[in-house]
Amino acid sequence: MPEVETVVRSLRKRLPGRRIKNVEIFDPKLAALDTERLRGRRIRAVSRSGKEIVLDLSAPRRPLWLCVHLRMTGRLLWAATAALGERHLRARFTLTRGALLFYDARRFGVVRLAESPADFAPPGVEILAAEFTPAKLAKLLAGSAMPLKPWLLRQDRIVGCGNIYASEVCHAAGLDPRRPAGSLTPVEIRRLHRETRRIFAKAIECGGTTIDNFMDCEGQCGNYRSHLKVYEREGERCLRRGCPGEIARLVQAGRSTYFCPVCQTAAPIRRVSGSKPRPGPTKSRTGRRPER
DNA sequence: ACCCTCCTGTCA
DNA sequence: TGACAGGAGGGT
């Protein structure tokens, strides 16, 4: 999400006010896009909805939005400053005095039209929205047996948390990523909430995380990578002050999780209502050897 | 909580 | 050659 927000902010400096003159699609997977409906439309605004980029193309009595989901490797580049040639070029939007290029190596990206804001309204609550409070988080977590880290990736609960940040957030909050999401105490939930907001605000401030080739529409990379505490740091020392742990990697729901087995496995300070026989997953939670 | 799929590229 | 990759949706 910080990466998407970064792209959106860069697009905002270029797109509003321009008109779409022509749209070319070079990837058959994107052929469903009705390019004729785009022609002649003026870009009124650029915004983000969850991890989607939304261009408002509405005219009086003719509402229309263009939604772009970059997924893993999608990129939107302002042609004048950041053209990358023809390789992986999937679509070209020719605008008045300029062009917007959509690149996507793995072709997971999605470009679609929306006729109403409901078509791109995220199902969950935005991390940086005012309604995302500790109480709201507690309500969302309640009753879930899913391990915390995979739970954080559910876009129908919290919107915007991706795989990098899910590990980072668990570490910052000192929580075991294998803990059942519904097992967190009020104190832990407050910590999780605070650290989540802090990390996302900071990551946006840094222009997102560039692992491989993420960039904004001017070709500028993000520099939150240097702030990462656990992601891709398997085998390295834990960066929490005074913690002697070594970062470990495990796979949850098919995705890498990085965490510190020392400072993220401490037992809950106190239990909520003592009736639930749900011991902390200190050891055997994953049911299978997690370490390779 | 596990599996798989969509794709292509990179690295050990 | 195989493991893995920022996301998401599907299936048991």
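Each chain gets a letter, A, B and so on, in the order the sequences are listed, and its residues count up from 1. Keep in mind that the numbers below use all heavy atoms, side chains included, and drop hydrogens, waters and symmetry copies.
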- So what does A/Asn213 touch, heavy atoms closer than 4.0 Å: a base, only the sugar-phosphate, or nothing? base
- Is there a side-chain polar atom (N or O) of A/Arg71 under 4.0 Å from OP1 or OP2 of C/dA8? no
- C/dG6 phosphate, OP1 or OP2: any side-chain N/O from A/Arg255 under 4.0 angstrom? yes
- Item | Distance in angstrom units between A/Glu232 CD and B/dA12 P, rounded | 12 Å
- Note on the structure: Comparing nearest nucleotides in DNA chain C, the 5'-proximal residue of the pair A/Leu153, A/Arg106 is A/Arg106
- Message: Centroid separation under 6.0 Å, is that true for the rings of A/His69 and A/Phe108?
- Response: no
- If only atom types and distance count, is the side chain of A/Arg233 paired as donor or acceptor with the main-chain N or O of A/Arg237 below 3.5 Å? yes
- Just wondering, do A/Phe108 and C/dG7 stack (centres under 5.5 Å, planes under 30°)? yes
- Sugar-phosphate, base or nothing in reach of A/Asp104, heavy atoms under 4.0 Å: nothing
- Query: So what does A/Ser167 hit on the nucleic acid, given a heavy-atom distance under 4.0 Å: a base, only sugar-phosphate, or nothing?
  - Reply: nothing
- Message: Below the 4.0 Å mark, does B/dC7 have OP1 or OP2 next to a side-chain nitrogen or oxygen of A/His88?
- Response: no
- Task: In whole angstrom, give me the gap between the P atoms of B/dG9 and C/dA8.
- Result: 22 Å
- Message: Is it true that A/Arg249 and A/Ser256 share a donor-acceptor pair across their side chains at a distance under 3.5 Å?
- Response: yes
- Task: Answer yes or no: does a side-chain N or O of A/Ser256 lie under 4.0 Å from OP1 or OP2 of C/dA5?
- Result: yes
- Message: So that I can tick it off, tell me whether A/Arg179 and A/Glu188 are bridged by a salt bridge, with the cut-off set at under 4.0 angstrom between side-chain N and carboxylate O.
- Response: yes
- When both distances are under 3.5 Å in a Watson-Crick or G-U wobble arrangement, the nucleotide paired with B/dT8 is C/dA5
- 5'-most contact on DNA chain B (nearest-nucleotide basis), A/Gly254 vs A/Ala105, goes to A/Gly254
- Message: With a 4.0 Å limit, can you tell me whether A/Gln155 has a side-chain N or O closer than that to the phosphate oxygens OP1/OP2 of C/dG7?
- Response: no
- Indicate whether OP1 or OP2 belonging to C/dC4 is found under 4.0 Å from a side-chain N or O atom of A/Arg249. yes
- Query: When all nucleic acid strands are considered with a 4.0 Å heavy-atom cut-off, which category describes A/Arg87: base, sugar-phosphate, or nothing?
  - Reply: sugar-phosphate
- Query: OH of A/Tyr103 versus C1' of B/dT8: gap in Å, rounded?
  - Reply: 17 Å
- Message: Could you check whether A/Asp176 pairs with A/Arg178 (Lys NZ or Arg NE/NH1/NH2 to Asp/Glu carboxylate O, under 4.0 Å)?
- Response: yes
- Task: Give a yes/no on whether any side-chain N or O of A/Lys51 is located under 4.0 angstrom from OP1 or OP2 of C/dG7.
- Result: yes
- Rounded distance in Å - NZ (A/Lys29) to C1' (B/dT8): 11 Å
- Quick one: sort the A/His193 and A/Phe132 rings into parallel, tilted or perpendicular, breaks at 30° and 60°. tilted
- Item | Phosphate contact (C/dG6 OP1 or OP2) by A/Tyr165 side-chain N/O below 4.0 Å | no
- Query: What does A/Pro147 touch in the nucleic acid at a heavy-atom separation under 4.0 angstrom: a base, only the sugar-phosphate, or nothing?
  - Reply: sugar-phosphate
- Is A/Tyr231 touching bases, backbone alone, or none of the nucleic acid, heavy atoms closer than 4.0 Å? sugar-phosphate
